[in-house]
Each structure stands twice: as C-alpha cells, then as structure tokens.
K.L.:
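Would you mind keeping the following structure in view while I ask a few things?
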Amino acid sequence: MCDSQRPHASVANGMKWRTLGRLGRRRGAAAYDSPAIDAPSASVADIAPPQPLRWSDRDDPPVWFETQHPEQRIDALVEAWQPKLPDDDVRSLASHWLEDGYVIVDDCYPLDDIDAFAAEVDAAWFAPEPYPDLFVSDVDDGTTTHVHLAHRDLIAMPVEQRVAAMQRSNWRIGEFNKHNAAAERIFRNERMRMLCSMLLGTEALPHYSLTFSKGSRQGLHQDTCVFHVWPKNALVGVWIALEDVAPDSGPLVYCPGSHREPLFSEFDNYPQTQRRTSPAATSVRYDAYVTELGNEYPKEYFLAKRGQALLWHGMLIHGGAPDVAAGTTRKSFVVHYMPEGANVAHEIVGPFNW
C-alpha cells in the first residue's frame, strides 16, 4: 500500500463544496483545487453526494502491454526508445517485462547518493528540528500504534522512548525525498524515469515514495489494487536497495508471471472499486484471493546489492518476506511511476479504508 495516498475529501463544509482537481474537470467530474462554490439557497441535505464514475464507459487507450498481442508492439517500442536508452537492451527489458512482470536494473543510481541516503534513514528519528508535513507510519510508542505520526510529535518524545519505539516498530516514512537531498536525487533519477517511460510506452513521472529501514513483512498484494490508476496498470513500482539485502532481513518476495492473472472479480468498476474503497467483507475476500493466488506461483527473493532496483508490473504479486531476524535492517526506497494524468485518485468517491 502506498501510505502517501490519502483520501481527498469531497464533502460539504457548511454551505461550500471543496471540488476535485485539474484532471477531475474531464468528463464532467468536479475538481479539487477549484474555488469553493457558495450555495446559499440549498441545505446540506439537499446536495446530492458525488456519484462514482462508471469507468468502463471511458474510451482511453490501454497501455501497450494491455492490448491484444502486445508482443507485436515490441519492435515499435525498441524503435522509439532504444535511442533514448543507449546503454540498455530495450528489447530484452520489454520482453522480460511482458513475460515475467518485472525487470532488475543495475548501476542506475550513483552509490554516493545511495550511501548518503542510507546513512540518514534512521537519523530522521533524531533530527534536531521537525520536518514539516512529514509523517512516520506504524510507530508503536509502547501504548499506542500510530498509523501516521507527525514528525514533530515523534521527535518531541524523550530520546529513550524514541529509541525503544524505533526498535519495536515496523515503521516507514512516506515522501522522505521532500526533506532529504540524496533521496530527492534518487527520486528524480533521469535514467530510471526513462526506463519506466519505456516500459509504459509513454513519458512517466515519479509519484509517491516510501522509505523502509526494516523488512516490511507486508502480505502478498498487487499495487494496481491499492492505487487508483487509469488506464489500468499504467504503473511501474521501483524497489531500490539502499544496502545489501541478506536472506534473513526480510527481502522483497515476488511471484514471476502472476501479473497475467485477471483483476479480482469484485473490483468490477476499477479504479473506483479496489482495496482502498472496498467494504470490509470484500477486502477480506480480496486478501484471501491474492494470497491463495500467490501461493500457486514460485516465489523469488530479491537479495539485492546496494543500488540495485527491481521494477514491477502493477499486477505482480509481491510482499515482504515474513521471517526477519531481530536487529537486522533492510534499508530500501520505493518509488512509483505513472504517466501524467494516470493518477486519478481525485476522481474516486469514498468512503476510504486509508
């Protein structure tokens, strides 16, 4: 799950509506950052709640690997992107992506940036000043587990309490790149952006980041089902090792070929219907479905060297290895890439699960 995807409110505030954003103006959707609209003659009860879009009615073209016979499009992909990626074998990467749902890339990031960021991941807990708008997730302070704890509240804890919470918690940080220069350089790496653009067949941009110090132990899941992306699967996840990953430190686990499985049948109005918007009973059924499906595939473990990156398809089943030795770290940085306009979270109607 991407913790930085927070629900956008579209609710009445007194007599004013907060409307949807720039992309939401297409096809009759409202827009978030527009000025609020006064409606003095109507009561809140008279204002109809926003209705979900019927996404199957939209005619946006799919990404190339979602078309019929996508293998026939690889020649055109090579012609368009090989000149832009002279040090990479575009045909091999595209073919592996199509067949297995992931690729592994070496030597994309300067190791100076990798090492600088790795040295500063844990230091966020002991920063002398709070980072504005930064949150640390899943912090167990001994009495409460905070889903998202403001950094200012974290560093306000006594040092002894912070050290204990840091050791106890399976924590992570969203959007740390906005406060860390080395992380921002990794986030904006141009070669990686071009690689993701090639895999999607169109220019892509980095969206969202997550920073981990430990193995996540996250259950098997598919990123498509926790993002609101249109066209469907216009998404590349990138997992970057900030240090060498040991087998007992909770490496990333993934199921090659699982990206070819169909979307969960109850998510029949995707991207409106997915894990973030599903009712509790549907969420339970999806979690069981994806776990059972993942168990039908052989699992691979990404025992990465620092600086290596694994790029995965939105439907590739993956998670964090459950067995993590006490005291081990698995420092990593995750970035998701999408074409401009593909993140349609602002067009989705709640309620939301996170």
Side-chain angles (χ1 to χ4, degrees), residues 1-7 109-188 206 208-219 238-252 302-307 319-336 354:
M1 292 181 188
C2 185
D3 298 297
S4 53
Q5 274 191 301
R6 296 198 179 106
Y109 302 101
L111 290 182
D112 287 349
D113 286 344
I114 294 291
D115 294 342
F117 185 31
E120 295 166 0
V121 169
D122 294 345
W125 283 71
F126 307 102
E129 299 292 335
Y131 294 123
D133 303 318
L134 185 73
F135 291 82
V136 183
S137 301
D138 290 346
V139 175
D140 180 354
D141 66 9
T143 58
T144 303
T145 298
H146 303 268
V147 176
H148 299 298
L149 181 65
H151 187 252
R152 65 177 178 274
D153 296 329
L154 177 71
I155 66 170
M157 292 181 186
V159 172
E160 296 80 3
Q161 185 182 8
R162 257 182 287 164
V163 170
M166 180 180 174
Q167 293 171 347
R168 182 188 304 116
S169 306
N170 191 21
W171 57 275
R172 61 199 181 282
I173 301 177
E175 311 295 353
F176 198 10
N177 59 287
K178 294 180 179 179
H179 305 277
N180 183 282
E184 180 68 4
R185 290 192 294 271
I186 296 169
F187 185 80
R188 299 289 176 190
Y208 310 123
S209 75
L210 283 173
T211 301
F212 296 87
S213 179
K214 306 175 184 179
S216 69
R217 297 182 179 175
Q218 190 172 15
V238 179
W239 194 99
I240 306 154
L242 300 179
E243 61 183 350
D244 292 352
V245 177
D248 64 352
S249 64
L252 179 72
F302 189 35
L303 301 179
K305 297 297 183 183
R306 82 188 207 282
D323 297 323
V324 181
T328 58
T329 62
R330 190 214 63 178
K331 293 178 182 177
S332 56
F333 189 49
V334 176
V335 182
H336 287 85
W354 62 82

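We're numbering straight along the sequence, starting at 1.
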K.L.:
If we ignore hydrogens and angles and just use 3.5 Å, is the side chain of Arg168 paired with the main-chain N or O of Asp140 as donor and acceptor?
P.N.:
yes
K.L.:
Would you say the side-chain atoms of Asn177 pair up with the backbone N or O of Ala183, donor to acceptor, closer than 3.5 Å?
P.N.:
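Looks like no, no N/O pair under 3.5 Å.
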K.L.:
Taking only residues two or more places apart in sequence, or in another chain, which ones meet Asp141 in a salt bridge (Lys or Arg N to Asp or Glu O under 4.0 Å)?
P.N.:
none
K.L.:
Report the C-alpha distance between Ile114 and Ile240 in whole Å, list the side-chain angles of each, state the deciding distance to 0.1 Å, and finish with yes or no for side chain to side chain contact (heavy atoms under 4.5 Å, CB included).
P.N.:
CA-CA 9 Å; Ile114 294 291; Ile240 306 154; 3.9 Å; yes
K.L.:
Looking only at heavy atoms, what is the nearest atom pair of Leu210 and Gly174, with distance?
P.N.:
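That closest heavy-atom pairing would be CD2-CA, 4.0 Å.
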K.L.:
So which atom in Ala123 and which in Ala119 form the shortest heavy-atom distance, rounded to 0.1 Å?
P.N.:
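That would be CB-O, 4.3 Å.
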K.L.:
Could you pull out all residues at least two apart from Asp113 that satisfy side chain to side chain donor-acceptor pair (under 3.5 Å)?
P.N.:
Arg185
K.L.:
Between Phe187 and Tyr208, what is the shortest heavy-atom contact and its length?
P.N.:
CE1-O, 3.5 Å
K.L.:
Would you please name every residue forming a ring-ring contact (aromatic ring centres under 6.0 Å, His included) with His151, sequence neighbours left out?
P.N.:
Tyr131
K.L.:
Suppose we screen for ring-ring contact (aromatic ring centres under 6.0 Å, His included). Which residues come up paired with Phe117, at least two apart in sequence or across chains?
P.N.:
Phe176, Phe333
K.L.:
Distance check, rounded to the nearest 0.5 Å: Lys331 atom NZ versus Asp244 atom CG?
P.N.:
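Nearest 0.5 Å value for the NZ-CG distance: 12.5 Å.
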K.L.:
Could you pull out every donor-acceptor pair under 3.5 Å between side chains of residues 155-165 and any protein atom, sequence neighbours left out?
P.N.:
unit_1, atom_1, unit_2, atom_2, d
Arg162, NE, Met157, O, 3.1
Arg162, NH1, Trp125, O, 2.8
Arg162, NH2, Ile155, O, 3.4
Arg162, NH2, Met157, O, 3.2

K.L.:
Just by distance, do the side chain of Ser169 and the backbone of Trp171 share a donor-acceptor pair under 3.5 Å?
P.N.:
no
K.L.:
How long is the gap from CG on Asp138 to OG1 on Thr145, to the nearest 0.5 Å?
P.N.:
7.5 Å
K.L.:
Any chance you could measure Asn170, atom CG, to Phe212, atom CZ, to the nearest 0.5 Å?
P.N.:
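That separation rounds to 8.5 Å.
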K.L.:
Can you tell me how far the CD atom of Gln218 sits from the CG atom of Leu252, to the nearest 0.5 Å?
P.N.:
9.5 Å
K.L.:
Looking at Val121 and Leu242, what are the two nearest heavy atoms and their distance?
P.N.:
CG2-CD1, 3.9 Å
K.L.:
How long is the span from the NE2 atom in His336 to the OG atom in Ser209, to the nearest 0.5 Å?
P.N.:
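Spacing of NE2 (His336) from OG (Ser209) equals 10.5 Å.
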K.L.:
Looking at Arg217 and Val324, would you say the former's side chain and the latter's main chain have a donor-acceptor pair under 3.5 Å?
P.N.:
yes
K.L.:
Is there a donor-acceptor contact under 3.5 Å from the side chain of His179 to the main chain of Asp133?
P.N.:
no
K.L.:
What heavy-atom pair brings Gly320 and Ser216 nearest, and what distance separates the two atoms?
P.N.:
CA-OG, 3.6 Å
K.L.:
With Thr329, which residues qualify under side chain to side chain donor-acceptor pair (under 3.5 Å), at least two apart?
P.N.:
Glu243
K.L.:
Which atom pair, heavy atoms only, marks the closest approach of Lys214 to Arg330?
P.N.:
O-NH2, 3.7 Å
K.L.:
Enter the distance from Gln167:CD to Ser213:OG here, rounded to the nearest 0.5 Å.
P.N.:
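Those atoms lie 11.0 Å apart.
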